[in-house]
Amino acid sequence: MAKKYVYKFEEGNATMRELLGGKGANLAEMKSLGLPVPEGFIITTEACTQYYADGEKISDEIQSQIDEYVKWLQEDTGAKFGDTESPLLVSVRSGARASMPGMMDTILNLGLNDEVVKAVEAKSGNTRFAYDSYRRFIMMFGDVVMGLNKAKFEALLDAMKERKGVKQDIELTGEDMKELTAEFKKFYKDNLHEDFPQDPLVQLNRAIGAVFRSWNNERAIYYRRVNNIPDSWGTAVSVVRMVFGNMGNDCGTGVCFSRDPATGNNDYFYGEYLINAQGEDVVAGIRTPEQISLKGSQEWAKNSGISEEERKAKYPSLEETMPEAYKDLCDVKDKLEKHYHDMQDMEFTIQNGKLYMLQCRNGKRTAAAALKVATDMFDEGLVTKDQALLMVEPNQLNDLLHPQFDAEDLKANKDKIIAKGLAASPGAGCGKIVFTAEEAEKQAAAGAKVVLVRLETSPEDIKGMASAQATLTVRGGMTSHAAVVARGMGACCVSGCGDLKVDEVSKTMTNADGKVFHEGDVISVDGTTGNVYEGEIKTVPATIGGNFARFMGWADERRTLKIRTNADTPADAKRALDFGAEGVGLVRTEHMFFNSKDRIEAIRSFCVAQTAEQRQKALELMEPFQTEDFKGIFEAMNGYSVTIRLLDPPLHEFLPKTHEEAQAVADKLGISVDDVEAADAKLKEFNPMMGHRGCRLDVTYPELGEMQTRAIINAAIAVNKEHPDWNLEPEIMVPLVGEKKELNYVADVIRKAADEAIAKAGVRMTYHIGTMIEVPRGAVNAGELAETAEFFSFGTNDLTQMTFGFSRDDAGKFLNDYYDKHILEEDPFAHIDQNGVGKLVKWAAEHGRATRPDIHLGVCGEHGGDPESIEFFQRLGLNYVSCSPYRVPLARLAAAQAAIKVDAEKAAK
Ligand code: PEP
Ligand code: MG
């Protein structure tokens with residue numbers, strides 16, 4: 001049998017969203033619930049992918065099915081395309097599997113032509129309605145199907161309003177609309193050298209193709225990338241009989257929510273409508289819509305300082321103007337919420353007093369609303385705990401932890417976007433541009449708000465980053481230093497903003513349009529979207545309500561994965577503990593040297609030391625810092641396990657960069673600056689990410705591993721003395737291991753130093769030695785490594801870097817081409833590449849367990865804080881994920897959701 005590409009609403013249901021798109025499937029479902037949905041059919045997402053496979057052509061097979069359904073629609077409605085007695089008019093709308101609001105195109109009033117419009121005029125007795133509909137159709141068709149500039153049509157409308165001396169569209173008369181229609185048609189012909197098509201079937205086929213093509217417009221592509229929606233899905237197209245909200249004062253159109261999407265409140269019916277208008281008028285903001293419920297309207301009037309008399313006369317609610325339709329809408333709302341077990345976002349039109357539903361979907365909502373809706377619906381018995389847990393998008397929890405831009409102000413400033421980068425660390429920051437970390441610190445100390453703009457960041461910048469409202473870098477991907485550090489601090493950061501040219505010498509920043517910004521100019525950085533704006537945008541502080549803790553408690557009951565944190569300082573560890581972390585999965589010991597000049601100079605001294613004596617001196621500088629910090633982290637974690645990794649400094653991040661920095665190191669070591677600079681030149685590596693870092697350093701300089709082990713063990717002994725009931729068992733982790741003998745060599749160094757320190761203190765202490773799995777060879781030979789390693793922590797940042805051979809620091813420059821050309825769909829540094837890197841993780845986990853059944857397995861790469869990756873790790877049965885402190889809450893929720901999904905799959909099998 002030929003494949004079915006077209007479905008009537010009656011033939012579909014809500015489970016068919018992959019095929020019918022979310023909008024189509026929900027229209028079908030509403031129809032089956034007996035709700036008032038106008039007649040129509042859906043052309044499937046498979047027809048869209050076929051359209052692309054056929055070189056952007058609708059195949060004969062699909063065309064014949066469309067023709068058949070058009071015939072059916074005409075019979076069913078008793079209306080016919082092009083008929084002057086009973087003309088059929090339809091809307092043609094997009095609708096993908098996942099909702100992509102406003103990203104793709106829609107065409108309304110299709111079927112109108114020079115003859116039909118007259119029939120509509122005669123039948124409705126309303127010239128204005130008929131020609132307003134026709135001119136809108138010409139504009140939408142010209143814009144969406146033929147690529148004409150919509151703004152030019154609008155300019156014609158504005159010119160007419162000016163000529164007629166009116167301000168609002170609604171003030172134009174029927175004759176004006178007639179005139180405007182003629183102008184639109186002329187504009188169409190002048191630009192396209194053909195008449196506006198009069199045959200509705202031609203209109204329809206062209207419109208369907210255009211909606212398919214809108215799947216690949218720039219907005220849609222960008223939205224998919226940001227929201228991880230695969231390019232391969234395609235959009236469905238629904239063709240629905242038009243119902244008109246613009247036929248007179250017993251007509252209207254609106255959008256409503258079953259609960260308030262901003263707060264989650266359910267005290268009145270929240271929504272807006274316009275009398276005598278078509279759908280896009282509500283969204284476009286040309287006229288200000290009114291509230292649908294009386295209570296909502298009164299609330300609005302109170303907030304706007306409008307008296308009850310004035311409200312009633314000028315701004316009445318739908319409940320007052322069309323009580324019957326309002327009552328029907330309330331019934332629909334209740335029915336849909338109960339049916340879908342979730343808050344609904346609905347679009348409706350009222351034609352001559354009769355209600356029609358045009359769309360419903362699970363409503364988008366703020367994080368605070370999401371928590372309230374989920375907990376309220378559980379209390380109301382509408383959902384189970386598992387269902388409630390699945391209602392909140394884990395990434396949204398971020399919004400509750402960081403200050404955010406005011407949504408209204410963001411909307412108002414959307415034309416002020418000057419650049420786009422990677423949304424590296426969420427939050428909102430605005431302030432004056434500064435180009436150095438020192439300047440950021442200085443100005444912040446003096447009370448100024450600054451944004452630190454850098455080509456890339458280095459360890460010295462950390463304090464500047466901490467004092468800035470946001471950090472913006474030209475280079476670097478999601479796992480670049482700036483991004484990792486900013487996320488760790490919970491600071492707003494946009495990285496990899498390659499559109500910008502930054503000249504740190506002349507202190508200027510130039511965007512792709514050639515606009516130049518100077519030090520002191522104010523910009524706003526949105527770490528949640530990656531957008532950078534000119535000027536200041538208002539922010540609102542983070543709010544954590546009571547629902548939050550309750551909801552997170554449910555997540556903790558449900559998940560099986562433990563959540564640890566990547567923390568490099570006691571303050572980070574404490575914050576993570578407050579956010580619910582159950583241990584530290586990774587202390588990057590090299591990061592412990594970022595936050596003071598003394599510390600940076602100590603680690604630099606180690607990097608440039610050329611003799612055993614110099615190295616010894618550097619290690620002596622480092623050891624007290626390390627011991628103190630480890631103590632602090634053990635203390636902060638309240639007895640939870642802490643995994644500390646031996647030093648892993650990629651040299652390009654740690655060598656002195658300027659003469660002054662070299663001088664400072666020379667002073668520390670008591671050698672000449674020339675010697676330091678000579679050492680520096682000698683140490684420069686072509687591939688620092690694959691250079692002398694990780695355990696390779698301990699192989700060359702075992703005294704480093706000895707010092708670090710001593711510091712860890714001594715810190716743990718000291719803390720155990722304070723808290724004998726904690727019985728700390730430090731976990732010492734070896735980075736960048738690829739070979740069993742390499743691990744054994746370093747493990748021997750650790751054991752010797754640890755046993756000596758324990759014996760010297762005269763105590764008993766158990767410690768554990770484990771390894772990072774982050775070099776592909778290490779993953780492949782995980783079975784052998786497990787003979788020595790008591791635990792594995794997957795360093796999926798390096799594992800991704802080395803498996804793809806993509807540099808962590810440079811891949812951002814070309815990955816966009818990979819997305820554009822559909823070679824990759826998402827950033828493998830942000831979401832685990834299940835088909836490659838993921839296979840190595842799976843293999844290593846299986847072989848590690850085969851050797852050592854009780855081996856403890858976790859992930860400490862950035863993927864440990866990514867919901868999609870967490871689901872994958874749940875499937876592999878790992879023990880824990882570890883992520884930066886601010887991601888801990890989202891990881892707790894993602895782990896609970898992963899457990900629910902995997903259990904459901906098992907049950908289904
Ligand atoms: C990793 O490679 O995944 C990891 C956690 O180590 P780092 O990011 O410090 O290289
Ligand atoms: Mg690594």
Side-chain angles (χ1 to χ4, degrees), residues 424-425 457-459 462 476-488 495 564-569 572 584-594 603 643-654 687-698 708 731 733-738 742-743 770-779 791-811 827-833 836-838 840-841 844 857-866 869-870 872-873 878 880-885 887 891:
S425 180
T457 59
S458 67
I462 187 154
M478 291 298 282
T479 58
S480 66
H481 170 256
V484 172
V485 168
R487 274 199 294 279
S495 66
R564 292 194 179 195
T565 189
N566 296 352
D568 312 323
T569 64
D572 282 355
V584 175
L586 172 64
V587 179
R588 288 181 165 99
T589 48
E590 62 284 357
H591 284 202
M592 304 178 103
F593 295 96
F594 283 171
I603 194 167
T643 304
I644 298 172
R645 180 178 76 181
L646 298 186
L647 205 70
D648 179 15
L651 278 177
H652 64 313
E653 288 185 24
F654 285 85
N687 271 323
M689 274 299 192
M690 300 207 279
H692 202 189
R693 54 178 287 221
C695 64
R696 297 156 201 175
L697 284 175
D698 300 291
Q708 291 204 282
E731 297 163 357
M733 178 155 73
V734 186
L736 234 65
V737 169
E742 188 184 34
L743 174 62
T771 179
M772 300 275 295
I773 299 284
E774 53 183 342
V775 171
R777 195 179 188 283
F791 62 89
F792 287 168
S793 179
F794 291 95
T796 47
N797 302 334
D798 274 312
L799 196 57
T800 301
Q801 166 166 263
M802 293 190 225
T803 302
F804 275 95
F806 287 167
S807 153
R808 283 162 70 169
D809 290 339
D810 298 309
D827 183 349
F829 289 103
H831 312 286
I832 193 91
D833 155 48
V837 180
L840 284 175
V841 176
L857 301 174
V859 175
C860 66
E862 289 300 294
H863 305 90
D866 168 55
S869 310
I870 289 173
F872 178 73
F873 301 137
L878 303 191
Y880 71 92
V881 292
S882 186
C883 55
S884 56
R887 287 199 176 179

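First listed ligand is number 1; within each ligand, the first listed atom is number 1. Remember, it's a predicted structure, so these values are computed and weren't measured experimentally. The residues of the chain are indexed from 1 along the displayed sequence.
- The shortest heavy-atom contact between C883 and A891 is SG-CB, 3.8 Å.
- When only interatomic distances are considered, the shortest N/O to N/O separation between L799 and ligand 1 does not fall below 3.5 Å.
- Without hydrogens or angle criteria, H863 side chain to F829 main chain gives a donor-acceptor distance under 3.5 Å.
- At a heavy-atom distance under 4.0 Å, only side-chain atoms of M772, from C-beta outward, approach ligand 1.
- Contact of the C695 side chain with the M772 side chain is not registered, since no non-hydrogen atoms from C-beta on lie closer than 4.5 Å.
- Residue-level proximity to ligand 1 for M733 is absent, since no heavy atom of it falls below 4.0 angstrom.
- Taking a cut-off of under 4.0 Å to the non-hydrogen atoms of R693, the atoms of ligand 1 that pass are 10 (O).
- Checking R564 against T643 by side-chain atom types alone, a donor-acceptor pair falls below 3.5 Å.
- In terms of polar-atom proximity, defined here as any N/O pair under 3.5 Å, E774 does make such a contact with ligand 1.
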* Asked: Taking it one step at a time, do M689 and M802 satisfy side-chain contact (heavy atoms from CB on, under 4.5 Å)?
  -> CA-CA 9 Å; M689 274 299 192; M802 293 190 225; over 6 Å; no
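- Within the set M689, M802, R808, the minimum heavy-atom distance to atom 10 (O) of ligand 1 is found for R808.
- Remark: the backbone N or O of E862 is paired with a side-chain donor or acceptor of N797 at under 3.5 angstrom.
- One N or O on the side chain of N566 and one on the backbone of C860 form a donor-acceptor pair closer than 3.5 Å.
- For T803, the side-chain contact (heavy atoms from CB on, under 4.5 Å) partners at least two apart in sequence or on another chain are P776, L799, V837, L840.
- At a heavy-atom distance under 4.0 Å, no atom of H591 approaches ligand 1.
- Of all the listed residues (N566, D568, N797), N797 holds the heavy atom that lies closest to atom 3 (O) of ligand 1.
- Residue Q801 does not touch ligand 1, judged by heavy-atom distances below 4.0 Å.
- Atom OD2 is the N, O or S atom of D798 at the shortest distance from the Mg ion (ligand 2).
- Distances from the Mg ion (ligand 2) to the N/O/S atoms of E774 are shortest for OE1.
- Polar contact check, E590 against ligand 1: no nitrogen or oxygen pair lies under 3.5 Å apart.
- Using a 4.0 Å heavy-atom cutoff, R645 is listed among the residues neighbouring ligand 1.
- Contacts with ligand 1 closer than 4.0 Å are made by backbone heavy atoms (N, CA, C, O) of T796 only, the side chain lying farther away.
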